[in-house]
Amino acid sequence: MQEIALQNIDIHTFQQDLIDWYQANKRDLPWRKDQDPYKIWVSEVMLQQTKVDTVIPYFNRFMVNYPTLKDLAEADQQDVLKAWEGLGYYSRARNLQTAVREVVAIYNGEVPNDPKVLGSLKGVGPYTKGAILSIAFDQPEPAVDGNVMRVLSRVLKIEEDITQQRVKKQFENHVRQLISREDPSSFNQGIMELGALICTPKSPMCMFCPVQKHCQAFAEGMEEELPIKKKAKRQKRIPYIALLIKNSDNQFVIEKRPDQGLLANLWQFPMVQSKNTNIEEAKKQFEEEYGITIEIGEKKGTLKHVFSHLIWELEIYEAEMIQHQSTKNKHLHFAEKRELRSYPFPVSHVNMMKYI
DNA sequence: AACTCGGGGGA
DNA sequence: TCCCCAGAGTT
């Protein structure tokens with residue numbers, strides 16, 4: 001199978017052109033200062049579905065707070081989530097901490113360099129496993145991400161839907177054939193760097209591409225048509241009434257979200273789904289769900305928060321707590337205004353604080 | 001294989 | 001708007 005796609009490539013020259021370009025043009029990034037497997041690991045998890053420029057400040061703060069794997073293993077999860085606040089996909093942080101705790105408990109605090117062991121850790125999938133093995137341990141393992149599939153779909157003119165898992169495995173097989181045994185780290189990072197800087201999704205800069213002479217899509221003028229990617233479903237919209245509730249001590253009511261699912265273990269201001277825009281209905285619904293009697297005041301504004309698969313449409317009201325009955329299903333807390341920022345909140349609820 | 005899981009930035 | 005981003009876990 002891969003022989004068909006690879007038959008037109010001079011593998012050795014391709015490796016050399018790519019690695020030479022990478023050595024001359026690689027960005028100076030904080031996780032490229034050394035080969036510490038822990039730092040490589042953290043950076044790769046942060047970089048999942050997240051751009052380099054977004055990750056840099058988070059990575060630097062994270063290394064100040066948790067300079068070693070052991071520091072992270074011993075940390076409080078709420079503090080780790082606070083350090084992750086705004087980065088998104090919070091299961092990455094929870095899984096990373098689960099995994100480093102396992103490394104401390106079972107592997108003497110040393111990041112495993114065995115592919116099967118490494119891949120068994122929480123949050124370490126095929127990409128992250130290959131990235132750690134190649135970058136930290138110089139092993140010739142594929143690390144196929146969106147960049148790699150875009151670059152190789154063009155170089156090898158692969159016209160299959162890259163959202164399919166079967167196709168991603170084909171790319172991994174291609175990389176196994178193509179990867180440099182002498183410098184797998186620079187090879188893998190080189191393809192990703194190329195995808196980020198030159199072989200971009202739109203308007204790739206083929207005139208500056210170090211592997212242009214190897215690129216079958218460029219030869220046929222179809223680089224803009226690749227890769228082929230099935231379109232994602234549209235998000236579902238969910239309207240909410242969200243409440244900035246003060247009690248008689250001038251404290252705000254906040255709640256901890258459940259420990260599974262969306263934004264797990266983060267904090268938020270109370271809110272109820274509002275199919276109807278009737279505020280009296282929302283008040284009744286709220287008092288049933290939360291076991292609090294409230295008086296709803298002025299509408300403070302609206303916020304839209306877009307997730308990958310859904311959209312929150314928040315209508316924000318201020319309110320006063322009249323009476324507190326029971327909260328058996330909700331983890332309610334009362335916090336002063338200045339204390340609020342010590343809790344990890346999703347960005348949408350951080351934005352609500354400007355209405356306080 | 002399809003669905004869940006954030007948030008930001010570029011065009 | 002739409003698309004994409006150094007993806008992984010669950011069902």
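- Checked by atom type, the side-chain pair A:Thr128/A:Arg92 shows no donor-acceptor distance below 3.5 Å.
- Heavy atoms of A:Arg150 sit under 4.0 angstrom from primed sugar atoms or phosphate atoms, though from no base atom.
- Contact annotation for A:Thr54: no contact, since no heavy-atom pair falls under 4.0 Å across all strands.
- Nucleotides of DNA chain C that come within less than 4.0 Å of any heavy atom of chain A span, from the 5' end to the 3' end, C:dC3 to C:dG9.
- For the OP1/OP2 pair of B:dG6 and a distance below 4.0 Å, the side-chain nitrogens and oxygens of A:His305 include no atom meeting the criterion.
- In terms of position along DNA chain C, the nucleotide closest to A:Lys231 lies nearer the 5' end than the nucleotide closest to the other residue of the pair A:Gly119 and A:Lys231.
- Remark: A:Trp267 pairs with A:His333, A:Tyr343 by the ring pair (Phe, Tyr, Trp, His ring centres under 6.0 Å) rule, at least two apart or across chains.
- In this structure, C:dG9 forms a base pair with B:dC3, meeting either the Watson-Crick or the G-U wobble geometry with both donor-acceptor distances under 3.5 Å.
- The minimum heavy-atom distance between A:Arg154 and A:Thr200, with the atom names listed, is NH1-O, 2.9 Å.
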Restricting both atoms to N or O, compile the protein contacts to nucleotides 1-3 of chain B shorter than 3.5 Å, with distance only.
none

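- Residue contacts for A:Val45: at a heavy-atom cut-off of 4.0 Å it reaches no nucleic acid atom on any strand shown.
- The ring of A:Phe269 has its center closer than 6.0 angstrom to the ring center of A:Phe345.
- At the heavy-atom level, A:Phe307 lies under 4.0 Å from the strands shown only through sugar-phosphate atoms.
- Between the side chain of A:Glu287 and the main chain of A:Ile294, a donor-acceptor pair closer than 3.5 Å is present.
- Going from atom CD of A:Gln235 over to atom P of B:dT4 covers 12 Å, rounded to whole Å.
- Looking at which nucleotide of DNA chain B each of A:Val306 and A:Lys202 is closest to, the 5′-most match is held by A:Val306.
- Near DNA chain B, defined here as any heavy-atom distance below 4.0 Å, the residues from residues 60-93 of chain A are A:Gly86, A:Leu87, A:Gly88, A:Tyr89, A:Tyr90, listed numerically.
- Residue whose closest nucleotide on DNA chain C sits further toward the 5' end, between A:Gly123 and A:Trp31: A:Trp31.
- Between A:Tyr90 and A:Leu81 there is a side-chain heavy-atom pair separated by less than 4.5 Å.
- Taking atom CE of residue A:Met205 and atom P of nucleotide B:dG10, one finds them 14 Å apart after rounding to whole Å.
- In this structure, A:Glu110 has no salt bridge (Lys or Arg N to Asp or Glu O under 4.0 Å) partners at least two apart in sequence or on a different chain.
- The main-chain N or O of A:Leu118 is never found under 3.5 Å from a side-chain atom of A:Ser120 such that the two would form a donor-acceptor pair.
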Exercise. What's the verdict on salt bridge (charged side-chain N to carboxylate O under 4.0 Å, His left out) for A:Lys299 and A:Glu315, showing C-alpha distance, side-chain angles and the deciding distance?
Worked result: CA-CA 8 Å; A:Lys299 178 171 179 178; A:Glu315 278 187 77; 3.0 Å; yes
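- For the contact set between residues 345-356 of chain A and DNA chain C, defined by any heavy atom under 4.0 Å, there are no members.
- Outside the 6.0 Å centre-distance limit, the rings of A:Trp84 and A:Tyr58 are not counted as a close aromatic pair.
- Within the 4.0 angstrom heavy-atom criterion, no nucleotide atom of any strand lies near A:Ser43.
- Surrounding NZ of A:Lys26 are more than 12 heavy atoms belonging to other residues, nucleotides or ligands, all under 6.0 Å away.
- Using a 4.0 Å heavy-atom cutoff across all strands shown, A:Arg27 reaches at least one base atom of the nucleic acid.
- What you find for A:Gln35 and A:Ile135 is that their closest heavy atoms are NE2-O, 3.1 Å.
- Using a 4.0 Å cut-off between charged nitrogen and carboxylate oxygen, A:Lys122 and A:Glu102 do not count as a salt-bridge pair.
- Aromatic rings of A:His324 and A:Tyr290 (six-membered ring for Trp) have centroids beyond the 6.0 Å cut-off, not under it.
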